[in-house]
Structures are given as structure tokens and as C-alpha cells.
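Heads up, the thing below is written out as C-alpha cells.
Sequential numbering from 1 along the given sequence is applied to the chain's residues.
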Amino acid sequence: MAKANAAVNAGVHNSNGIEFQKHCAIHIILSRYSFFDGKRYFVSIEHHDDVIFGFFSNQNEIDEIEVYQAKKSSNPWTNSSTCTIIGKLTQTGLNLIADQHPKSASYTHSLAFLTNDSITLTCGNRSKHKTTTTVTIDAVNDHVTYPSIASAIQDNVKKNLAKAGIVNMSQLAELQNLSLRYIDFPKRNQEQKDYLIGLVYRLFNNTVKDPKAALDTILELFRDVENFFNKGNIVNLLDVAKRVTSEQIENAIFVITTKSKAYDLWRKKEDEICDTLHIALLDRQKFGLQFQNSIDLFKDYKQAEHKKILKYATDNKQQWLSHSNELACISDMFNSFKQKYSTTLSDLDLKAAICAAYVEIKG
């Protein structure tokens with residue numbers, strides 16, 4: 001049975017720490033987007049550790065977990081402070097093994113200390129004229145695995161862990177899963193967000209019209225997770241309330257990129273669209289808003305009418321996309337839907353939804 005541990009909820013009171021953890025999670029997703037794209041996974045904040053990614057097998061078992069103890073710092077990390085983090089990470093490794101979530105036969109996990117300042121581990125003492133062995137993790141050398149570190153430094157790490165009472169062989173074996181990583185992040189939260197906005201822009205380029213709004217949409221996914229306490233101070237990977245899923249992230253990115261396409265179509269052809277669909281001058285602003293809002297409504301399971309419209313457009317995709325004129329296609333979609341289906345939407349809202357459905361199936 002899992003044991004209660006009040007520390008697992010401590011981070012929810014530390015707003016600066018939580019912000020850094022969220023920013024690190026998003027940085028990991030964006031900077032490794034091709035790796036994450038198409039995979040089924042979840043990300044949790046303050047659950048077993050600061051940030052964890054769980055990847056599923058085809059049998060819905062956890063196949064792999066990546067753990068990140070993400071710490072913002074204004075000062076370089078040294079032997080003592082780093083070994084404190086390492087000790088916590090090795091315990092996390094044991095906790096993951098004990099967690100009751102079904103795991104695949106090939107299950108593995110990795111443990112990473114991630115920080116935005118340098119880490120320097122040494123062995124030896126210059127003042128006593130002994131040889132000093134040093135490894136530094138920084139912007140130049142940003143990812144070092146524990147097994148690759150010089151054996152003298154490994155021994156020194158184990159001595160520091162022993163001083164802290166960590167001598168259990170199973171826990172020490174988790175050092176083989178450990179890595180130390182530098183993340184090129186500014187110190188202040190707003191500057192970190194600015195950095196992430198740049199990542200969004202570089203990754204999605206012209207498919208995202210407003211990178212800041214796009215980042216805010218992704219950050220919003222973590223709001224409920226960060227405020228949700230581990231029940232009874234017990235960490236359980238089966239607790240879905242602590243997850244942001246790959247489906248949620250993919251849907252958010254889909255909405256972000258599709259809204260940009262809708263905006264581009266509206267900006268370039270506003271007058272032509274309104275003329276073709278007979279939108280009165282006084283209704284054009286409302287129509288434009290409904291057109292872009294429909295992208296969100298397609299992803300809301302409660303919006304049955306919008307779901308019906310999107311399904312109709314998708315089922316007839318080949319027919320619609322055989323048109324040589326976009327506006328004729330949209331008009332045909334509207335008239336055909338009206339002939340075959342009844343709807344609770346007004347004609348204005350239906351036309352807006354049809355326009356949005358066209359953008360989605362075309363994309």
C-alpha cells in the first residue's frame with residue numbers, strides 16, 4: 001500500500017516553482033515535438049516528482065516514464081546541493097516501481113535533474129595538492145548521464161548520499177537511470193514565457209497567428225492539474241485528475257493552428273465570403289467571431305449541433321474538395337446541409353460553422 005507523504009503536495013503552495021515546472025514541461029514538449037507527436041502519453045506536475053511524462057503501450061500499460069526534478073536557481077549547483085536532489089530522485093525511482101499502475105513487461109524509467117543554472121560535481125581537493133576531477137553541466141555540456149561520469153565523481157556522489165543516510169542498494173541502483181541536464185531558461189517567469197513564445201513561433205511558424213495566445217492556451221491545460229492535491233497525500237499514477245493527456249495537448253494545438261487558418265481565410269476573403277453567403281453588413285462582425293469560435297466548439301463534446309456539422313463535412317470531404325472555388329464549395333456545403341438536416345442553429349451561426357468545417361476538413 002502507498003504511504004502518505006505530505007511533501008508530495010508542498011509544491012502547490014510555491015507559485016514560482018510551479019510556474020517553472022509548467023514552463024519546463026512545455027519546453028520539453030515543444031523542443032522534442034517530433035518525438036512526442038503521435039505518441040500516447042500524459043504529463044503530471046507535482047506527482048511523484050516535479051514533472052513526469054508517462055508513455056503508454058498499445059495495451060494501455062505504462063511503457064516508459066521520464067521524471068524531471070525541475071529547479072530554478074540563481075546560483076550554480078555544487079556537490080552538496082546536487083546530491084540532495086539526486087537522493088530525492090533515486091527515491092522517486094523506487095516509488096515508481098512500487099506504484100500500482102499497470103506497466104508493460106519492457107517498462108523503464110529515467111530520472112533527470114533539470115535546472116537553468118550550471119551544475120558542477122568534483123572529486124579531490126586542490127588545497128591539499130590532490131588531483132581534482134570535475135564535470136560541469138551547462139549551456140555547452142547540457143546533458144550528462146550518471147554512468148558516463150568519471151568513476152571518482154560517482155564514488156564521491158555515493159559518499160554524499162551515504163552521509164544523508166542513503167545506503168539501500170536498490171535505491172543506489174537507481175543512479176544508473178539518472179541524468180543531469182541544463183535548460184537554457186531565463187530566471188524570471190515572464191522571460192521564460194517569452195522564450196516559450198519564441199519556441200511556439202519557430203515550431204509552428206505561419207500556422208499560428210498569435211504565438212502568445214497559443215502558449216496561453218497550452219498553459220491553461222495545466223491549471224486544474226496544478227491546483228489538484230494528491231488525495232490523502234498519496235501519489236498514484238492511476239489518478240487521472242493529475243494528468244494532462246496527449247489528446248488534450250494535441251487538441252489544443254489543433255485548435256490553435258486551425259484558428260489561424262480560419263483567421264487567414266477571413267482576413268483575405270471577408271467581403272467575398274459575406275457576399276456569397278448573403279451576410280448583412282450589420283451581422284458581419286458577429287459572423288466573423290462565430291466563424292472562428294466554431295473551431296473551439298467542434299472540440300466540445302457538449303456541442304451536438306457543431307459535432308453534427310463537422311461529421312457531415314468530414315463524411316463528404318471528397319465531394320466538397322472537388323470544387324475549384326472555395327466560396328462555391330462553402331455555399332454548396334451550406335445549402336446541402338440545410339436540405340438534409342434540421343438544426344437549432346440560426347442561419348448565421350450555421351453558415352459560420354460551415355465555414356469553419358471547411359477550414360478544418362481542408363487542413
Side-chain angles (χ1 to χ4, degrees), residues 1-11 21 28 41-57 59-71 77-115 119 121-123 133 135 137 143-181 230-239 242-243:
M1 180 181 293
K3 295 181 180 180
N5 178 4
V8 299
N9 284 323
Q21 291 163 14
I28 291 165
Y41 65 92
F42 65 87
V43 55
S44 296
I45 307 294
E46 287 288 341
H47 197 53
H48 274 303
D49 221 304
D50 292 343
V51 180
I52 69 167
F53 288 89
F55 299 88
F56 290 107
S57 69
Q59 287 71 44
N60 211 35
E61 299 171 320
I62 291 183
D63 200 41
E64 180 184 0
I65 288 179
E66 294 182 3
V67 174
Y68 297 89
Q69 187 142 155
K71 301 299 181 190
W77 297 83
T78 58
N79 280 359
S80 178
S81 55
T82 303
C83 284
T84 299
I85 301 295
I86 290 174
K88 293 176 180 177
L89 279 166
T90 56
Q91 181 59 54
T92 296
L94 295 184
N95 294 343
L96 290 174
I97 294 170
D99 193 286
Q100 295 302 302
H101 195 293
K103 303 181 183 73
S104 70
S106 59
Y107 166 80
T108 60
H109 61 246
S110 60
L111 311 168
F113 173 31
L114 184 68
T115 183
I119 304 169
L121 297 179
T122 61
C123 180
T133 305
V135 61
I137 298 88
H143 181 190
V144 173
T145 63
Y146 177 83
S148 71
I149 296 173
S151 58
I153 297 178
Q154 290 187 29
D155 290 342
N156 202 40
V157 168
K158 290 176 183 177
K159 288 177 183 177
N160 277 284
L161 294 178
K163 290 178 182 178
I166 299 173
V167 294
N168 180 284
M169 293 305 295
S170 295
Q171 188 167 350
L172 292 176
E174 289 297 321
L175 290 170
Q176 299 306 305
N177 299 318
L178 176 72
S179 64
L180 306 173
R181 304 189 185 192
N230 294 296
K231 294 177 181 178
N233 291 338
I234 295 175
V235 182
N236 187 341
L237 289 175
L238 290 166
D239 188 356
K242 294 290 289 185
R243 296 179 181 177

Residue pairs fulfilling side chain to side chain donor-acceptor pair (under 3.5 Å) with at least one residue in residues 162-173, sequence neighbours excluded: Thr90-Gln171
Main-chain N/O of Asn79 paired with Asn160 side-chain donor or acceptor, under 3.5 Å: no
From Leu161 atom CG to Cys83 atom SG, the distance as rounded to the nearest 0.5 Å: 5.5 Å
For the student: nearest non-hydrogen atoms of Ile119 and Thr82, plus distance: CG2-OG1, 3.5 Å
Nearest non-hydrogen partners of Val167 and Leu172, listed with the distance: O-CD1, 3.8 Å
Ion pair check, Lys71 and Asp50, cut-off under 4.0 Å: yes
Smallest separation among heavy atoms of Thr122 and Ile153, with atom names: C-CG1, 4.4 Å
Main-chain N/O of Val67 paired to Gln69 side chain as donor or acceptor, under 3.5 Å: no
Interatomic distance, Tyr146 atom OH to Leu111 atom CG [nearest 0.5 angstrom]: 13.0 Å
Closest non-hydrogen atom pair, Ala112 against Arg181: CB-NE, 3.9 Å
Thr145-Ser148 side chain donor-acceptor pair, cut-off 3.5 Å: yes
Side-chain donor-acceptor pair present, Glu61, His101, cut-off under 3.5 Å: no
Expected output: side-chain Lys103 to main-chain Leu96 donor-acceptor under 3.5 Å: yes
Residue list, ring pair (Phe, Tyr, Trp, His ring centres under 6.0 Å) with Phe56, at least two apart or on another chain: Phe42
Distance-minimising heavy-atom pair for Lys242 and Ser44: O-OG, 2.7 Å
Glu64 (side chain) donor-acceptor with Gly54 (main chain) under 3.5 angstrom: no
Taking every non-hydrogen atom, the tightest pair across Leu178 and Pro147: O-CD, 4.1 Å
Parallel, tilted or perpendicular: rings of Trp77 and Phe113 (30°, 60°): perpendicular
